[in-house]
Each structure stands twice: as C-alpha cells, then as structure tokens.
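Reading through the structure tokens given below for one structure.
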Amino acid sequence: FARVLASRRPSSRASAAGIGPGEAAAIPTPGLKGDNIAMPSTAMGWYRGPTLMEHLEILGAPVINADWCELRLRLKDFHLNGGGTAHGGVFMTMLDVAMACSTWIDKSRTCVTVEMKPTFLRPGGVAGQLMIARGRKRSGGNSLAFCDAEVLNEAGELLATGSGTFKYLDSGYPTQA
C-alpha cells in the first residue's frame, strides 16, 4: 500500500490547489463490509492509518437511538471547497453515513449503499462551524432499507437532504478489532 501511494503523482487539479505529493490521504475503504469507514478493519492488518471518519475528524461515534442516527463534524479548512464553504463531498459523506447507521438500530446486520440522491439547499458552513447530520430509516424489508437524512448547521438551518436505498448484508454489526 505504501509503495502504491509513493508512486502516485498529484493530478493537475491537485497541483493547482497547492496539494503536493504525500499531502493527500488514501484510506482503503472497501464498501462490502464497511471496512475502515467508522471502525478499523480486521481484514486489513497491513493498514495502520485512520478510519475515514477519523480522517475527516467526525466528532465521536454516531449516536444511534430508536428513531435516528446523528453525527457531528466541526469544519476545518480541509473540509472546504474553493469558495471557502463546506465541500459537497463532505455533506454527501455525512448523509451516507447517517443513513447507513440508521439501519443498524437492531445491530444484527450491516448494509451497503445501493443508491443515494443528495439535494444541496444552500452553501455549507465555514471553518469552525458545526455540521449535524441526522439519518432515519423510513421503510424496509428483509433485504433493503429506504432512508433519508439531513445536514444542518449549528443554527438549525437546513443545508442538504438526501435519500438512499441500502442493501442488508448478513455479516453482522461491525465490531472493533
């Protein structure tokens, strides 16, 4: 993995943004079992880096209750786009994780995203502001879950919404190694 990373060269876009070799993170996150998303993978003993949520500096583990899942992120400069507001990819990640976690309420199965539709309603926050994502399972059966989520700023303003379909896996609830 280290050898592959060392051989990579920044794209022209990354170079134009001032991102040089070794400054961009690469986190192996195969989606089938959620490896390295919220918890370290037991299947990749060779990888010793942060999980995706740690790298993005998501504040703590998602809070899951009987109705919804919530996660929080305090924006840093690296979460921002060229316009100085939260990048849409940050919102999409928060929406996806909040919806996926909302399917874990029974803690018997994990899931993978089948499809997701984000809607961006207004520009995101700036560095230092708190973003809150809440996901909810609306319906589902034995194999699929239908979820929606929202991202709000700390003032309670709605910034983005999303809906998604998730496929259940019988691999069980993710556990920490």
Side-chain angles (χ1 to χ4, degrees), residues 10-20 23-31 34-39 49-105 110-140 144-168 174:
S11 69
S12 58
R13 277 186 152 175
S15 295
I19 299 171
E23 291 182 305
I27 301 168
T29 56
D35 293 307
N36 292 326
I37 300 291
M39 293 173 234
T51 65
L52 178 64
M53 289 177 60
E54 288 169 341
H55 175 72
L56 293 175
E57 298 190 17
I58 302 285
L59 301 175
V63 174
I64 302 170
N65 71 29
D67 297 317
W68 49 262
C69 170
E70 179 178 290
L71 58 121
R72 295 168 175 257
L73 169 73
R74 183 143 325 262
L75 293 174
K76 304 266 178 137
D77 287 336
F78 63 83
H79 296 121
L80 308 182
N81 60 26
T85 62
H87 190 280
V90 172
F91 286 165
M92 289 182 68
T93 300
M94 292 182 75
L95 292 165
D96 188 36
V97 171
M99 288 187 286
C101 289
S102 75
T103 70
W104 294 351
I105 290 170
T110 60
C111 68
V112 293
T113 308
V114 174
E115 63 84 27
M116 185 176 119
K117 180 192 182 302
T119 301
F120 303 102
L121 304 172
R122 62 174 45 139
V126 297
Q129 288 186 329
L130 182 68
M131 300 290 108
I132 302 159
R134 292 188 183 117
R136 189 171 284 105
K137 178 181 161 187
R138 290 293 182 188
S139 182
L144 295 175
F146 303 95
C147 305
D148 58 36
E150 60 188 21
V151 176
L152 304 105
N153 62 20
E154 56 195 318
E157 297 173 311
L158 187 61
L159 305 176
T161 62
S163 61
T165 305
F166 295 81
K167 169 80 174 132
Y168 283 118

Donor-acceptor contact present, side-chain D96 to main-chain M99, <3.5 Å:
no
Side chains of M131 and V90 in contact at under 4.5 Å (non-hydrogen atoms)
no
Do the non-hydrogen side-chain atoms of D148 and T161 ever get within less than 4.5 Å of each other?
no
For L75 versus A86, what's the shortest heavy-atom pair and its separation?
CD1-CB, 3.8 Å
First locate atom OG1 of T119, then atom CG of L95, and finally report the distance between them rounded to the nearest 0.5 Å.
9.0 Å
Drop me the distance from Q129's CD to L73's CG, to the nearest 0.5 angstrom.
11.5 Å
For residues C69 and C101, report the shortest heavy-atom separation together with the two atoms involved.
SG-CB, 3.0 Å
Could you check if a side-chain atom of F166 sits within less than 4.5 angstrom of a side-chain atom of K137, using non-hydrogen atoms only?
no
Heavy atoms, side chains only, cut-off 4.5 Å: are H87 and L80 in contact?
no
Could you measure the distance from the CD1 atom of I64 to the CD atom of E70? Nearest 0.5 Å is fine.
11.5 Å
Within the structure provided, determine whether E154 and R74 are in side-chain contact (heavy-atom separation under 4.5 Å).
yes
Heavy-atom check, side chain of E157 versus side chain of L152, under 4.5 Å
no
What closest approach, in Å, do A127 and D77 show between heavy atoms, and which atom pair accounts for it?
CB-OD1, 3.4 Å
Nearest heavy-atom pair of I132 and N153: which atoms, and what distance?
CD1-O, 4.4 Å
Are the side chains of M92 and F120 in contact, using a 4.5 Å heavy-atom criterion?
yes
Grab the two heavy atoms, one from A149 and one from A98, that are nearest each other, plus how far apart they are.
CB-CB, 4.5 Å
What is the minimum heavy-atom distance between R136 and D67, and which atoms define it?
CG-O, 3.4 Å
Nearest 0.5 angstrom please: M94 CE to E150 CD, how far?
11.0 Å
